[in-house]
Amino acid sequence: LDAIRLFGQEQMFLIGARILSGSVAAEQAGEVFAGLADVLIRALHARVEDDFVATHGRIRGQETAIVALGRLGAREMTASSDLDLIAIYDFDAEHPTSDGKRPLYGAQYFARLTQRLISALTVQTNYGVLYHVDMRLRPSGRSGPLATHIAGFISYQEREAWTWEHMALTRARVVSASPAFAAQVEAAIYDVLCRKRDARAIAADVIEMRAAIAQEKGDADPWDLKYAAGGLVDIEFIAQYLQLIHAAEVPEILDTSTARMLEKATRAGVLKTEDAAVLRPAVRLFHDLTQILRLCLPGSFDPKAASAGVLGLLARAADLPDFAALNAYVVETERQVRESFTRILRTG
C-alpha cells in the first residue's frame, strides 16, 4: 500500500508539473489522470483479490468487474477527483460457497472483497491516501450492497433506476475485469442506454434535477465552473439527455466523454450545428480551466484574491492575452451554454 501510494503521488506530481509547464495540454490531462487511476485500480484489484483468495478461496465461476463512472468513467479527471465506482460480480449459483479455509457464501464473499478494495484505495498509510472513493452511484445508492450481482444490476436498471441513474450510466466504463466479463457488463450497460424513451419525460426530469442542484449548490458564481448557470453541469446534462433519447435509433453517439459525445452527436445530426458551435469549445474551455484551478488552489477560486501567476496560467490555458479577456469570455460562454441548455431541453 505504501509503494503504490508513493508511485501514484509521484506520477500525479509529474502530470501536474507538465500541465503547469505547458508540456502536457490541459485538455489531455483528464485522460492522463484517468489512465493513471486505471492502472492503480487494476493493480490493487488483482493484488487484493489474490490476498482474499488465499484466505477465503474462490467461488466456482467467480467474476468481478470494477466499473468507473463520473469523471473517471469519462476520462475527465483532475488532480483532486474522487473515484466514482461500482462493483459487479457473477458466480455459479449452484456452487455458491467459496472453497477456502474460511469459506464465505455468495453475496457476502463479494461484498467483503469489494470492501477490501475500497480500503486499499482509501486507507491512510505513511504515504497518505491514494484516492477518495464514492460508491453512491451503485444500485440503490447508500442503502444498496457494495457489490451487485450482474443479474441484479440488469434488473435494477430495467425496472427501478431513476432517470439520473441512467444519466450517470452514460459515463460508465469497465476499468478492471476479465475480458469476457468486461464484455458482458458493457453489453448490459449498452442495452440499458439503448432503450427507447419518452423525450419529454426525460427532459422534464433533467430540468428538475438541474434546478435542484442549483438550489443546493448555487449557480450565480461564473467561476464555479461546474455548477454555474451555463457551466459544466449544463453541458454534461445536455450530452446525457441526448444519449438517453437518441441512442435507441443512433447508438453510435454513445460515448463516456462529454467532448467526444458532442462531436458524435453533431455528426449524427442530433445536435444542431449552432448549439455544437457553443458547446464543443465551451466544454474544452471549462475542462482546461478546471485542471489549472485544481492544481493551484485547494478550494474555490476568487479572482480578486488570486495571484498574478494563477491568473496568467488561466489566461494561457484559454489562449487569451490576459485574465480580463478570459473573465469576459467565460461569462459570455456560460450565457450561450445556458441558452443552448434551455433551447434543447425545452424542445424535448
* Taking all atoms of both residues into account, what is the closest heavy-atom pair of Met12 and Leu130, and its distance? -> CE-O, 4.1 Å
* Any pair with a residue in residues 249-265 that passes side chain to side chain donor-acceptor pair (under 3.5 Å), sequence neighbours left out, goes on the list, sorted by first then second residue, please. => Glu31-Arg260, Glu76-Thr258, Lys196-Glu249, Asp255-Arg260, Asp255-Lys264
* To do: For the residue pair Leu20 and Ile292, establish whether any side-chain heavy-atom pair is separated by less than 4.5 Å.
  => yes
* **Check: Ile118 and Leu85 side chains under 4.5 Å, non-hydrogen atoms** => no
* Atom CG of Leu289 and atom CG of Leu314: how far apart are they, to the nearest 0.5 Å? -> 6.0 Å
* Asked: Can you hop from Phe153 to Phe181 via hydrophobic side chains spaced under 4.5 Å?
  -> yes
* Asked: Within a reach of under 6.0 Å around CD of Glu339, are more than 12 heavy atoms found that belong to other residues, nucleotides or ligands?
  -> yes
* So, the side chain of His166 versus the backbone of Gln157: is there a donor-acceptor pair under 3.5 Å, distance only? -> yes
* Would you say the side-chain atoms of Ser155 and Arg159 include a donor-acceptor pair closer than 3.5 Å? -> yes
* Verify whether the ring centers belonging to Tyr109 and Tyr89 lie closer than 6.0 Å. => no
* To do: Assess the side chains of Asp205 and Trp162: does a donor N or O sit below 3.5 Å from an acceptor N or O?
  => no
* If you measure from the Lys or Arg side-chain nitrogens to the Asp or Glu carboxylate oxygens, is any gap between Arg338 and Glu334 under 4.0 Å? -> no
* **Pair Phe91 + His149: ring centers closer than 6.0 Å** => yes
* To do: Would you indicate whether Asp302, at its atom CG, is surrounded by more than 12 heavy atoms from other residues, nucleotides or ligands within a distance under 6.0 Å?
  => yes
* **Same apolar cluster (I L V M F W Y, side chains within < 4.5 Å links), Val39/Phe33** => no
* CG of Leu311 to CZ of Arg316: how many Å apart, nearest 0.5 Å? -> 13.5 Å
* How about Phe237 and Ile213: do any of their side-chain heavy atoms sit closer than 4.5 Å? -> yes
* Structure fact -> side chain to side chain contact (heavy atoms under 4.5 Å, CB included) with Leu72: of Asp84, Asp134, Ile41, only one passes, and it is Ile41
* Please indicate whether Arg280 has more than 12 foreign heavy atoms, meaning atoms of other residues, nucleotides or ligands, lying under 6.0 Å from its CZ. => yes
* Under 3.5 Å donor-acceptor, Gln291 side chain and Ala25 backbone -> no
* **Centroid separation Trp164 to Tyr241 less than 6.0 Å** => no
* To do: Using atom types as modelled and distance alone, determine if a side-chain donor or acceptor of Arg171 lies under 3.5 Å from a backbone N or O of Met167.
  => no
* So, are Arg138 and Glu165 salt-bridged, with charged N and O less than 4.0 Å apart? -> no
* Would Thr333 and Phe286 satisfy side chain to side chain contact (heavy atoms under 4.5 Å, CB included), going step by step from the backbone distance to the final call? -> CA-CA 10 Å; Thr333 298; Phe286 295 155; 3.8 Å; yes
* Inter-residue atom distance Leu295.CG - Leu313.CG, 0.5 Å rounding -> 9.5 Å
* **Side-chain H-bond candidate by donor/acceptor type, His56 with Arg112, under 3.5 Å** => no
* **Over 12 non-hydrogen atoms of neighbours within 6.0 angstrom of CZ in Arg60** => no
* Apply side chain to side chain contact (heavy atoms under 4.5 Å, CB included) to Val337 and Val278, showing your working. => CA-CA 6 Å; Val337 168; Val278 170; 3.9 Å; yes
* Asked: OG/Ser176 to CG/Leu44 distance, rounded to the nearest 0.5 angstrom?
  -> 9.5 Å
* Flag yes if Ile4 and Val129 sit in one hydrophobic cluster, no otherwise; membership is Ile, Leu, Val, Met, Phe, Trp, Tyr, and two members link when side-chain heavy atoms are under 4.5 Å apart. => no
* Please assess Val67 against Val175 for the test side chain to side chain contact (heavy atoms under 4.5 Å, CB included), listing each intermediate value before the final yes or no. => CA-CA 6 Å; Val67 180; Val175 170; over 6 Å; no
* Applying salt bridge (charged side-chain N to carboxylate O under 4.0 Å, His left out), run through Arg284 and Asp288 and close with a yes or a no. => CA-CA 6 Å; Arg284 288 194 298 271; Asp288 290 351; over 6 Å; no
* **Flag, side chain of Gln62 to backbone of Arg58, donor-acceptor distance under 3.5 Å** => no
* Hey, is Asp275 close enough to Arg343 for a salt bridge, meaning N to O under 4.0 Å? -> yes
* Asked: Do Phe110 and Leu104 have side-chain heavy atoms sitting under 4.5 Å apart?
  -> no
* To do: State which residues pass side-chain hydrogen bond (donor to acceptor under 3.5 Å, both in side chains) with Asp224; sequence neighbours excluded, sorted by chain then number.
  => none
* Same hydrophobic cluster for Tyr156 and Leu137, using side-chain heavy-atom links shorter than 4.5 Å among ILVMFWY? -> no
* Asked: Quick one: does Leu113's side chain get under 4.5 Å of Leu117's, heavy atoms only?
  -> no
* Asked: Are the side chains of Arg5 and Tyr131 in touch, meaning some heavy atoms are under 4.5 Å apart?
  -> no
* Begin with the C-alpha distance, continue with both residues' side-chain angles, and end with the deciding distance and a verdict on side chain to side chain contact (heavy atoms under 4.5 Å, CB included) for Met261 and Ile253. => CA-CA 6 Å; Met261 182 273 152; Ile253 68 170; 4.1 Å; yes
* Donor-acceptor side-chain pairing of Gln240 and Glu236 below 3.5 angstrom -> no
* **Heavy-atom neighbours of Arg136 CZ exceed 12 at 6.0 Å** => no
* To do: Flag yes if more than 12 heavy atoms outside Glu160 fall under 6.0 Å of its CD atom; otherwise flag no.
  => yes
* Asked: Could you state the interatomic distance from CG (Leu297) to OG (Ser307), rounded to the nearest 0.5 Å?
  -> 8.0 Å
* SB check Asp191 Arg195 (cutoff 4.0 Å) -> no
* To do: List, by chain and then residue number, the residues other than Tyr127 in its hydrophobic cluster (Ile/Leu/Val/Met/Phe/Trp/Tyr, side-chain heavy atoms under 4.5 Å); write none if there are no others.
  => Leu6
* To do: Might you point out which heavy atoms bring Ala276 and Pro281 nearest each other, and give the distance in Å?
  => O-CD, 3.7 Å
* Check whether any side-chain heavy atom of Leu1 sits under 4.5 Å from a side-chain heavy atom of Val123, and report yes or no. => yes
* To do: Determine whether Leu69 and Tyr190 fall in the same hydrophobic cluster, where Ile, Leu, Val, Met, Phe, Trp and Tyr are linked whenever their side-chain heavy atoms lie under 4.5 Å apart.
  => yes
* Heavy-atom distance under 4.5 Å between the side chains of Trp223 and Leu225, does that happen here? -> yes
* To do: Could you verify whether a donor N or O on one side chain and an acceptor N or O on the other, from Thr64 and His45, lie under 3.5 Å apart?
  => yes
* Asked: How long is the gap from CZ on Arg197 to CG on Leu244, to the nearest 0.5 Å?
  -> 4.5 Å
* To do: Go through Arg71 and Asp82 one step at a time and tell me if the salt bridge (charged side-chain N to carboxylate O under 4.0 Å, His left out) criterion holds.
  => CA-CA 8 Å; Arg71 300 229 172 275; Asp82 294 347; over 6 Å; no
